Trainee: 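First the structure, which I've put down as structure tokens, then a few questions once you've had a look.
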Amino acid sequence: MRKKNRVLGILGNPLKQSMSPMVHNYWIKLYNLDNYYCKFQLEKIDQIKTAIRALDLQGLNVTIPYKKKIIKHLDKIDKTAKRLQAVNTIFNNKGVLEGYNTDVTGFLLGLKNIKKLNKKKPAIVLGAGGAAESVVYSLYLTGFKNIYITNRTKYKAQMIARKYKEVQAVKWIEYELVNNAGLIVNTTSLGMVGYPALPISLESVKKSTKVYDIVYNPLETKLIKDARKHKLEYVTGLSMFLGQAQESFRIWFNIKPSLSNYLIFKLKKILK
Ligand code: ATR
């Protein structure tokens with residue numbers, strides 16, 4: 001018989017900074033589930049399918065550097081994961097390993113928090129790494145028709161842009177575009193603990209410009225501080241982080257967990 005109290009976890013390397021165990025174990029306790037969520041920091045994932053089955057894991061989150069590499073080890077992947085060629089959630093459905101991408105749901109949750117979002121204005125996405133395409137795809141789904149993507153290494157931006165007629169790759173931080181954007185999204189690692197700040201000035205942007213930083217550690221990046229200084233509406237990376245976690249939990253347990261003030265308070269205290 002299949003055990004009920006199964007283990008879940010996060011697969012990646014490194015995982016030192018990951019907040020996922022704290023959040024999922026909080027929800028597991030809140031909903032009186034007999035599960036446990038732990039870290040699987042692996043150097044290699046060649047035998048991952050055997051490992052998931054042998055341990056009868058209920059599910060996994062997948063993070064850097066395995067979001068793409070995991071795909072060939074899975075039995076099925078959903079439409080979004082296929083489109084983005086990236087999986088951040090695995091559900092072990094009676095031995096069938098299903099891959100999902102909940103980063104889009106996560107990003108959209110944060111976007112919904114913006115009160116006066118003008119989809120008719122251009123959006124500018126900074127960065128073209130692992131997280132950028134889920135952001136671009138989310139903006140495309142939301143109905144943005146004019147999306148600029150800018151990256152230090154331009155060809156990576158071009159690789160994403162060529163998949164969408166609404167997206168154009170442009171020179172790294174071009175102020176003519178930044179100052180006329182309705183929405184600025186940071187998907188680079190800049191601003192994260194251990195990285196320098198994003199070298200962008202919000203000095204001349206329009207007052208109606210919205211700023212969304214998907215970096216959540218720290219919560220108060222230089223970009224967010226600048227947005228506040230200029231009285232711009234902003235969203236921190238906590239929304240996307242919690243949104244993707246909430247959607248993963250729903251896939252595993254068929255419960256949409258609450259984003260309680262207590263949980264948010266706890267996370268804010270840790271992340272500062
Ligand atoms: P992730 O999976 O977290 O997105 P990644 O794929 O390595 O990580 O992407 C990191 C992003 O931050 C990239 O867009 C990267 O730009 P490059 O493609 O030019 O490397 C960007 N980034 C990291 N350090 C940067 C820096 N010092 N200046 C500008 N961009 C930087």
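Counting convention: from 1, in listed order, for ligands and their atoms alike. Computed from heavy atoms alone, side chains included, the values below leave out hydrogens, waters and symmetry copies. Source: prediction; values computed, not measured.
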Trainee: Please determine if E247 and K256 form a salt bridge, counting it only when a charged side-chain N lies under 4.0 Å from a carboxylate O.
Mentor: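 Looking at K256 together with E247, the answer is no, because their closest N to O distance does not fall below 4.0 Å.
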Trainee: Which residue supplies the protein heavy atom nearest to atom 9 (O) of ligand 1, what is that atom called, and how far is it?
Mentor: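 Going atom by atom, the protein heavy atom closest to atom 9 (O) of ligand 1 ends up being G129 CA, 3.3 Å.
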Trainee: Give the C-alpha distance, both sets of side-chain angles, the deciding distance and a yes or no for salt bridge (charged side-chain N to carboxylate O under 4.0 Å, His left out) between D78 and K82.
Mentor: CA-CA 6 Å; D78 85 332; K82 194 169 175 183; over 6 Å; no
Trainee: Just go through T188, V125, L198 and tell me whose heavy atom is the nearest to atom 21 (C) of ligand 1.
Mentor: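 Result: the heavy atom closest to atom 21 (C) of ligand 1 is in T188.
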Trainee: Of all the atoms in ligand 1, which lie at a distance below 4.0 Å from a heavy atom belonging to I64?
Mentor: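 Taking each heavy atom of I64 in turn, ligand 1 has 2 (O), 3 (O) under 4.0 Å.
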Trainee: Of all the non-hydrogen atoms in the protein, which one sits nearest to atom 4 (O) of ligand 1, and at what distance?
Mentor: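 Answer for atom 4 (O) of ligand 1: G130 N, 2.8 Å.
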Trainee: Cationic tip of R83 within the cone over Y100's six-membered ring, i.e. under 6.0 Å and within 45° of the normal?
Mentor: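 Pair R83/Y100 does not count as cation-pi.
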Trainee: Can you check atom 7 (O) of ligand 1: any protein non-hydrogen atom closer than 4.0 Å?
Mentor: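 Flag for atom 7 (O) of ligand 1 set to false, no protein heavy atom closer than 4.0 Å.
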Trainee: Between S189 and ligand 1, find which residue part has any heavy-atom pair under 4.0 Å and reply side chain, backbone, both or neither.
Mentor: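 Contact part for S189 vs ligand 1: both backbone and side chain.
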Trainee: Answer yes if the ring centres of F91 and W252 are under 6.0 angstrom apart, and no otherwise.
Mentor: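 Distance test on ring centres: not under 6.0 Å, no.
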Trainee: Can you tell me the protein heavy atom closest to atom 16 (O) of ligand 1 and the distance?
Mentor: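 Protein heavy atom at minimum distance: N151 OD1, 3.2 Å.
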Trainee: Please list, in number order, the atoms of ligand 1 under 4.0 Å from a heavy atom of A131.
Mentor: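 Close to A131: 4 (O).
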Trainee: Is Q85 atom CD crowded by more than 12 heavy atoms from other residues, nucleotides or ligands, each under 6.0 Å away?
Mentor: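 Enclosed: over 12 neighbouring heavy atoms sit under 6.0 Å from CD of Q85.
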Trainee: Quick check: closest heavy atoms across M240 and D103, and the distance to 0.1 Å?
Mentor: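 Smallest heavy-atom distance, with atoms named: CE-O, 3.6 Å.
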Trainee: Please determine if D34 and R6 form a salt bridge, counting it only when a charged side-chain N lies under 4.0 Å from a carboxylate O.
Mentor: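 The answer is no: the pair does not qualify as a salt bridge.
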Trainee: Going by the order shown, which atoms of ligand 1 are within less than 4.0 Å of some heavy atom of K156?
Mentor: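 The list of qualifying atoms is 17 (P), 18 (O), 20 (O).
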Trainee: Show the atoms of ligand 1 that are less than 4.0 angstrom away from any heavy atom in G127.
Mentor: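 Near G127, meaning under 4.0 Å from one of its heavy atoms, ligand 1 has 14 (O).
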Trainee: Between N146 and E166, is any side-chain donor less than 3.5 angstrom from a side-chain acceptor?
Mentor: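 Result is no, nothing qualifies.
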Trainee: Which residue from K68, R152, K67 reaches closest to atom 25 (C) of ligand 1 through any of its heavy atoms?
Mentor: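 Answer by nearest heavy atom: R152.
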Trainee: At less than 4.0 angstrom from any non-hydrogen atom of W172, what atoms of ligand 1 do you find?
Mentor: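 With W172 as reference, the close atoms of ligand 1 come out as 29 (C).
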Trainee: Could E233 and K210 be called an ion pair, given the rule that one side-chain N must be under 4.0 Å from one carboxylate O?
Mentor: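 Counted as a salt bridge, because a side-chain N and a carboxylate O are separated by less than 4.0 Å.
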Trainee: Is there any N or O on A128 that sits under 3.5 Å from an N or O of ligand 1?
Mentor: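 Checking ligand 1 against A128, an N or O pair does fall under 3.5 Å apart.
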Trainee: Backbone, side chain, both or neither: what part of T153 comes under 4.0 angstrom of ligand 1, heavy atoms only?
Mentor: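 The answer is both.
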